[in-house]
Trainee: 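Mind looking over this structure? Questions follow.
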Amino acid sequence: MDREIITFINENSEYLLIQFVDEHDVEVLENEYKIISEGVSIPFSLVAVKVQDWNNELSPWEAPAVFGKHDFGDGAGETLKYLTDELLPKIKSDYGITDDTKLILGGYSLAALFALWCGYNTDVFYGVAAASPTVWFNGWIEYARESDFYAEKVYLSLGDKEEKARNQTMAKVGDCIRQQEQIFREKGVPCVLEWNEGNHFKDSDLRTAKAFLSLLP
């Protein structure tokens with residue numbers, strides 16, 4: 001599958017930020033990069049990968065739709081394989097990213113859940129930056145409780161109105177994010193949980209930038 005890749009590359013980057021994005025994310029990506037750039041003095045690069053089938057490519061396992069009619073698939077494994085076996089080697093080859101560069105995988109919404117899932121399935125990432133992750137996902141909390149996490153640090157956030165959603169499944173997100181934070185603490189994983197103002201659709205670029213910034217020195 002040909003994937004659209006958007007890059008913001010700096011020489012001698014100490015950190016490489018990776019994010020899977022949809023159409024809306026692409027529209028605000030430059031502002032997200034600007035916010036991060038203004039918040040740090042160290043060199044970093046940002047690579048964003050456009051997702052074509054959001055509910056399949058980023059979903060860890062099949063689950064029924066909770067909004068709309070598009071069920072969730074089980075494409076996360078294939079996407080992670082693409083990330084580790086194709087994308088990362090290409091980035092290192094094309095842009096001189098070294099093995100010493102720390103990798104942070106982040107994202108928003110289902111892309112944030114995917115980033116968390118990757119933290120449970122590979123040790124290549126230094127940190128996971130999960131802004132408003134869909135931790136209400138069917139079976140997720142049980143999976144998180146039973147699985148080992150390999151990234152060194154993790155950031156979680158949620159909008160303060162997200163748990164007030166009319167959709168009963170999505171309204172569980174507040175309880176689920178609190179459980180996720182507690183699971184990390186019990187497992188000894190350094191974790192930050194930040195609450196933002198607004199519902200799930202407010203300031204995704206700012207929230208994602210804050211997620212990445214929290215894991216940068």
Side-chain angles (χ1 to χ4, degrees), residues 6-10 13-21 24-25 28-49 58 83 97 100-136 140-141 144 149-163 173-174 176-217:
I6 304 160
T7 60
F8 301 84
I9 303 296
N10 294 295
S13 290
E14 296 182 28
Y15 289 82
L16 173 62
L17 316 181
I18 304 168
Q19 178 182 355
F20 284 79
V21 297
H24 170 72
D25 297 324
V28 297
L29 196 59
E30 285 194 20
N31 190 53
E32 176 188 322
Y33 176 75
K34 179 174 179 287
I35 295 170
I36 300 172
S37 298
E38 292 173 347
V40 295
S41 57
I42 61 165
F44 74 93
S45 294
L46 171 64
V47 172
V49 182
L58 301 178
L83 175 55
I97 300 296
D100 293 330
T101 304
K102 292 183 177 180
L103 308 180
I104 299 177
L105 180 62
Y108 195 84
S109 192
L110 187 60
L113 186 79
F114 170 74
L116 286 171
W117 179 84
C118 288
Y120 286 103
N121 285 272
T122 181
D123 61 359
V124 303
F125 298 109
Y126 164 75
V128 169
S132 290
T134 56
V135 286
W136 48 258
W140 174 259
I141 291 299
F149 192 77
Y150 298 106
E152 294 182 28
K153 295 182 178 181
V154 63
Y155 170 97
L156 305 169
S157 73
L158 203 67
D160 57 11
K161 294 182 180 179
E162 292 195 53
E163 59 187 337
V173 69
C176 290
I177 202 82
R178 295 180 184 93
Q179 290 182 64
Q180 179 73 77
E181 180 195 25
Q182 183 62 30
I183 289 168
F184 281 134
R185 295 196 181 283
E186 290 174 354
K187 293 179 180 292
V189 178
C191 174
V192 171
L193 171 58
E194 182 174 8
W195 292 85
N196 296 299
E197 181 181 347
N199 61 23
H200 185 68
F201 302 100
K202 183 179 180 181
D203 300 331
S204 62
D205 51 346
L206 173 59
R207 293 186 190 182
T208 308
K210 288 167 65 177
F212 280 124
L213 278 169
S214 75
L215 301 179
L216 294 172

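Residue numbers count from 1 along this sequence.
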Trainee: Let me confirm one number: the CD1-CG distance from I97 to L16, rounded to the nearest 0.5 Å.
Mentor: 5.5 Å
Trainee: Checking side-chain contact (heavy atoms from CB on, under 4.5 Å) for the pair I36/F8: CA distance, chi angles, key distance, verdict?
Mentor: CA-CA 11 Å; I36 300 172; F8 301 84; over 6 Å; no
Trainee: Could you measure the distance from the OG atom of S37 to the CD atom of E30? Nearest 0.5 Å is fine.
Mentor: 11.0 Å
Trainee: Are L216 and L17 packed together at the side-chain level, in the sense that at least one heavy-atom pair is separated by less than 4.5 angstrom?
Mentor: yes
Trainee: I need the minimum non-hydrogen distance between A131 and S157, along with the two atoms involved.
Mentor: CA-OG, 3.3 Å
Trainee: Would you say the side chain of K202 lies within less than 4.5 Å of the side chain of K161, judging by non-hydrogen atoms?
Mentor: no
Trainee: Evaluate the ring planes of Y108 and H200, with Trp represented by its six-membered ring, and classify them as parallel (under 30°), tilted (30 to 60°) or perpendicular (over 60°).
Mentor: tilted
Trainee: Considering only heavy atoms from C-beta outward, does the side chain of F125 approach that of I18 to under 4.5 Å?
Mentor: yes
Trainee: Which atoms form the tightest heavy-atom contact between P133 and A130, and what is the distance?
Mentor: CD-O, 3.5 Å
Trainee: Grab the two heavy atoms, one from I141 and one from Q179, that are nearest each other, plus how far apart they are.
Mentor: CG2-OE1, 3.4 Å
Trainee: Taking the side chain as every heavy atom from C-beta outward, state whether Y15 and V40 have any pair of such atoms under 4.5 Å apart.
Mentor: no
Trainee: Kindly say whether S109 contributes a backbone atom to a donor-acceptor pair with the side chain of S132 at under 3.5 angstrom?
Mentor: no
Trainee: Closer than 3.5 angstrom, by distance alone: can the side chain of N10 be matched with the main-chain N or O of F44 as a donor-acceptor pair?
Mentor: yes
Trainee: On a heavy-atom basis, which atom in P190 and which in G188 lie closest, and how many Å separate them?
Mentor: CD-O, 3.4 Å
Trainee: Taking the side chain as every heavy atom from C-beta outward, state whether L193 and F184 have any pair of such atoms under 4.5 Å apart.
Mentor: no
Trainee: For a side-chain contact (heavy atoms from CB on, under 4.5 Å) check, start with the C-alpha distance between V47 and I9, then their side-chain angles and the critical distance, and finish with the verdict.
Mentor: CA-CA 8 Å; V47 172; I9 303 296; 4.2 Å; yes
Trainee: Tell me if the CD atom of E197 is crowded by more than 12 foreign heavy atoms within 6.0 Å.
Mentor: no
Trainee: In Å, rounded to the nearest 0.5 Å, how long is the span from CD of Q182 to NZ of K187?
Mentor: 11.5 Å
Trainee: Quick one: pull up CH2 in W140 and OG1 in T134 and give me the separation to the nearest 0.5 Å.
Mentor: 8.5 Å
Trainee: Testing the basics here: between E152 and V189, what is the closest heavy-atom pair and its distance to 0.1 Å?
Mentor: O-CG1, 4.4 Å
Trainee: Verify whether the ring centers belonging to Y33 and F212 lie closer than 6.0 Å.
Mentor: no
Trainee: So do the side chains of D25 and T208 get within less than 4.5 Å of each other, counting heavy atoms only?
Mentor: no
Trainee: Using modelled atom types and a 3.5 Å cut-off, is there a donor and acceptor pairing between side-chain atoms of T101 and backbone atoms of S13?
Mentor: yes
Trainee: Are L29 and L46 close enough that some pair of their side-chain heavy atoms sits under 4.5 Å apart?
Mentor: yes
Trainee: Just how far is it from atom SG of C176 to atom CD of E163, taken to the nearest 0.5 Å?
Mentor: 10.5 Å
Trainee: Could you label the plane-to-plane angle of the F149 and Y120 rings as parallel, tilted or perpendicular, counting under 30° as parallel and over 60° as perpendicular?
Mentor: perpendicular
Trainee: Would you say E194 has more than 12 foreign heavy atoms packed within less than 6.0 Å of its CD?
Mentor: yes
Trainee: How many angstroms lie between atom CG of L213 and atom NZ of K210, to the nearest 0.5 angstrom?
Mentor: 10.0 Å
Trainee: With a 4.5 Å heavy-atom cut-off, do Q180 and L116 have their side chains touching?
Mentor: yes
Trainee: I would like to know whether L83 and V124 meet side-chain contact (heavy atoms from CB on, under 4.5 Å); could you show each step before the answer?
Mentor: CA-CA 11 Å; L83 175 55; V124 303; over 6 Å; no
Trainee: Using every non-hydrogen atom in the two residues, find where L158 and I177 come nearest and quote the distance to one decimal.
Mentor: CD2-CG2, 3.8 Å
Trainee: Suppose the criterion is salt bridge (Lys or Arg N to Asp or Glu O under 4.0 Å): which pairs have a residue in residues 36-45, not counting sequence neighbours?
Mentor: K34-E38
Trainee: Just by distance, do the side chain of T122 and the backbone of C118 share a donor-acceptor pair under 3.5 Å?
Mentor: no
